[in-house]
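Since the structure comes first, as structure tokens, the remarks are kept for the end.
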Amino acid sequence: MSDVDCEIVVNETFGPTFQGEGPSTGRYARFVRLAGCHLSCRWCDSAQTHDSTRFDLDAERRIVSVESILDWLATGPAALTVITGGEPLLQRHAVANLVASIRDRVLATDIEIETSGTIVPTPAIASAVSRFNVSPKLAHSGLLHHQRIRPAVLRSLAAEGKSVWKFVVQDVGDLDEIQELVSVYGLQPVWVMPEGTDSATVLDRMRLLADPVLRRGWHLSTRLHTLLWENDRGR
Ligand code: SF4
């Protein structure tokens, strides 16, 4: 039985909109963006979730009950709910209650969690979600290797069988780094997504990456929300 009175720290809820990235690109979806991240990627596109040097985090955070999120989802059900961040798995207890409650009330057919691949989900979370969109960070994130690559977590998520591996890429040279991770940890399927928060950059990088990604037999993701709405928040 899930605890809907459980509190969860949210940055924003938004939608309906389209899932903008990865295998579900273009799907009608609602998003729950959780507050907090233990990493600090230099190109982070959701720094408002955790970066106190650039944002007033007290203004950005809301502590709410899981029940209130369910009420919001129930106002306009979408087949897909995406739980993103920040790093959602920092709040594993609350997330477990949220995803179990969404299942109990049949508020979504599919639930995706977007994660950096540095925290192992609990079995309760793993059984309730449809997919983990896992984005291990590459060297251009500016993070130290031990911060961004957690071997036991990658192996656990790979063994779970619900993960797709969505790598944020700036240049063709980044693909070799992905290949090494794929070889060591057996990460499949691979999705390559251009880094960029404006449509011109996303398109330029997709064009640069398309043929090299095809040659490796990987998938290419756009950032549909960026192509449509640039860097508008809540879209
Ligand atoms: S893991 Fe995600 S939310 Fe955290 S700093 Fe990196 S890009 Fe931002």
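Predicted model only: the values in this text are computed from it and were never measured. Both ligands and their constituent atoms are indexed starting at 1 by order of listing. Numbers for residues simply follow the sequence, beginning at 1. Reckoned from all heavy atoms, side chains included, excluding hydrogens, waters and symmetry mates.
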At under 4.0 Å between heavy atoms, is it the side chain or the backbone of [X] that contacts ligand 1, or both, or neither?
X: Glu87; answer: neither
X: Ser40; answer: backbone
X: Cys41; answer: both

Heavy-atom side-chain proximity of [X] to [Y] below 4.5 angstrom:
X: Ser135; Y: Glu114; value: no
X: Arg233; Y: Asn11; value: yes
X: Thr118; Y: Val153; value: no

So which atom in Asp5 and which in Asp3 form the shortest heavy-atom distance, rounded to 0.1 Å?
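Looking at all heavy atoms of both residues, the closest pair is N-OD1, 3.0 Å.
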
Please give me the minimum heavy-atom distance between Ser141 and Leu138, naming the atom from each residue.
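For Ser141 and Leu138, the tightest heavy-atom pair comes out as OG-O, 2.7 Å.
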
Regarding Asp204 and Thr201, do their side chains bring together a donor and an acceptor under 3.5 Å, going by distance alone?
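Side chains of Asp204 and Thr201: no pair found under 3.5 Å.
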
Do Gln19 and Ser24 meet the criterion of a side-chain donor-acceptor pair at a distance under 3.5 Å?
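No donor-acceptor contact under 3.5 Å links the two side chains.
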
Contact atoms of ligand 1, heavy-atom distance to [X] under 4.0 Å:
X: Ser46; value: 3 (S)
X: Gly86; value: 3 (S)
X: His50; value: 5 (S), 8 (Fe)

Protein contact of atom 8 (Fe) of ligand 1 - nearest heavy atom, named by residue and atom, plus distance:
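Looking at atom 8 (Fe) of ligand 1, the protein heavy atom closest to it is Cys44 SG, 2.3 Å.
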
Can you pull out the closest protein heavy atom to atom 4 (Fe) of ligand 1? Residue, atom name and distance to 0.1 Å, please.
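Atom 4 (Fe) of ligand 1 sits closest to the protein heavy atom Cys37 SG, 2.3 Å.
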
4.0 Å heavy-atom contact, His38 with ligand 1
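No.
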
Report the member of Gln147, Arg33, Glu195, Lys137 with the shortest heavy-atom distance to atom 1 (S) of ligand 1.
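Comparing heavy atoms across Gln147, Arg33, Glu195, Lys137, the nearest one to atom 1 (S) of ligand 1 lies in Lys137.
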
